[in-house]
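To keep things clear, I will list the structure first and then write my remarks on it.
Note that the structure is predicted; figures quoted are calculated from it, not measured. Scope of the values below: all heavy atoms of this structure, side chains included, with no hydrogens, waters or symmetry mates. Whatever order the structure lists them in is the order used to number ligands and atoms, beginning at 1.
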Amino acid sequence: MIGGRSRRILITGGNAGLGLALAKKLARHHKLLLSGRKSQIEVSDTLPRGAGYIVADQADPEMSTLALVRGIRDFGWDSLDNAVLNAGIGVAPGEGFDSTEAIRQTLDVNLMAAILQAQALFPLLEKSKGTLTFIGSVVHTGSATIPAYAASKAGLHGLARALRSEWKGKISVQVLHPGPAKTGIHDKAGYDPGRMRALFLKSDDMASMMASAIASRRSPLTLSWVRYLNGGAILGRRL
Ligand SMILES: NC(=O)c1ccc[n+]([C@@H]2O[C@H](COP(=O)([O-])OP(=O)(O)OC[C@H]3O[C@@H](n4cnc5c(N)ncnc54)[C@H](OP(=O)(O)O)[C@@H]3O)[C@@H](O)[C@H]2O)c1
């Protein structure tokens, strides 16, 4: 906890993978509101006890942003200490080229929804001088195998830099760039990392690095093996 205070934390994509691992880590000390595409019934056994849940399918960026804002209000919150915009997808291109549909879906879910969410959540974060965190990826600098995904993450990097400057003094804005971690995202994307998978970090360790990176409010931050080997999953500030 920062200053021993329980915080109101929203995590998009909080029902699986890194978002869920982060939520489980924070659930003991903080109040959580999670979102995802799946229905409440599908995820009710998965979520940490006490966490609220909002169905918000980011394939429709406008509708999902409205659903998020409505869900926060219905949960009784009028402010946020942290918003972690983590939901994301990848789509591995079939014949070396992404289909137009896959490009649009990737940009809608990963980038467009995050832009609209950032704008919509700003007033709630401003009330508590909170922190807005975008979850990017180390591939934001470019990747041969998943170009649309890399482009969406490069977009988040630029967006975070712009908003960090624009909203300076009002809220903190940061972008975190995780390296590969063991979650379901690669299988869902139709991408087989093969033997490289053995080198992926455990989602729990990545979530620990995310939590201390969020507490630090620094940006941009790369969360990869180098940080992990330097104690990134056990050292650093606690959220
Ligand atoms: N794992 C890695 O190696 C890695 C590396 C770098 C960056 N990242 C980034 O980390 C974030 C989390 O990834 P992950 O590995 O935890 O993936 P994951 O296990 O596949 O989880 C993805 C999360 O995003 C949600 N999501 C997907 N499509 C959505 C949609 N259309 N609308 C709303 N929510 C949606 C999922 O909800 P549903 O289950 O309801 O679909 C799920 O909660 C992503 O932004 C990813 O790009 C991951």
Side-chain angles (χ1 to χ4, degrees), residues 10-25 32-44 46-47 51 53-68 71 84-92 101-102 104-114 116-117 133-141 143 145-146 148-157 159-160 175-193 196-207 209-210 213-214 220-225 227-228:
L10 170 77
I11 305 174
T12 69
N15 63 25
L18 299 180
L20 178 60
L22 179 65
K24 285 181 173 167
K25 223 160 260 308
L32 298 179
L33 198 39
L34 312 176
S35 76
R37 178 178 37 181
K38 294 199 187 83
S39 70
Q40 173 88 50
I41 291 171
E42 283 175 288
V43 302
S44 57
T46 311
L47 304 185
Y53 184 72
I54 303 166
V55 178
D57 185 347
Q58 297 185 190
D60 186 332
E62 288 100 331
M63 289 305 291
S64 64
T65 302
L66 288 175
L68 217 51
V84 185
L85 306 188
N86 158 80
I89 55 163
V91 182
E101 193 194 341
R104 188 166 290 132
Q105 197 189 356
T106 305
L107 294 176
D108 276 348
V109 173
N110 294 3
L111 181 59
M112 186 66 176
L116 297 184
Q117 288 167 0
T133 303
F134 296 100
I135 302 302
S137 166
V138 288
V139 307
H140 75 279
T141 53
S143 167
T145 47
I146 35 174
Y149 177 80
S152 73
K153 297 301 187 179
L156 285 181
H157 184 86
L159 175 69
V175 60
L176 308 180
H177 294 304
K182 287 176 184 150
T183 71
I185 196 169
H186 308 96
D187 290 341
K188 291 183 212 167
Y191 169 67
D192 179 8
M196 291 297 289
R197 201 188 292 264
L199 298 175
F200 290 5
L201 284 171
K202 286 191 217 152
S203 59
D204 193 50
D205 288 330
M206 185 60 80
M209 293 203 286
M210 287 163 72
I214 291 167
L221 278 182
T222 298
L223 310 178
S224 64
W225 266 102
R227 185 171 291 271
Y228 177 73

### Message
Hydrogens and angles aside, do Tyr53 and Asn15 bring a side-chain donor and acceptor to less than 3.5 Å of each other?
### Response
yes
#### Entry: Shell of residues surrounding ligand 1, defined by a 4.0 angstrom heavy-atom cut-off that is strict
Gly13, Gly14, Asn15, Ala16, Gly17, Leu18, Gly36, Arg37, Lys38, Ala56, Asp57, Gln58, Ala59, Asn86, Ala87, Gly88, Ile89, Val109, Ile135, Gly136, Ser137, Tyr149, Lys153, Pro178, Gly179, Pro180, Ala181, Thr183, Gly184, Ile185, His186, Lys188
### Query
Quick check: does any side chain N or O of Trp225 sit under 3.5 Å from a backbone N or O of Leu199, one acting as donor and the other as acceptor?
yes
### Task
Please indicate whether Arg197 has more than 12 foreign heavy atoms, meaning atoms of other residues, nucleotides or ligands, lying under 6.0 Å from its CZ.
yes
### Query
Which residues satisfy the side-chain hydrogen bond (donor to acceptor under 3.5 Å, both in side chains) test with Asp57, sequence neighbours excluded?
none
### Query
Can you say whether the rings of His186 and Phe200 are parallel (under 30°), tilted (30 to 60°) or perpendicular (over 60°)?
tilted
### Task
Please confirm whether the backbone N or O of Pro61 pairs with a side-chain atom of Asp108, one donor and one acceptor, at under 3.5 Å?
no
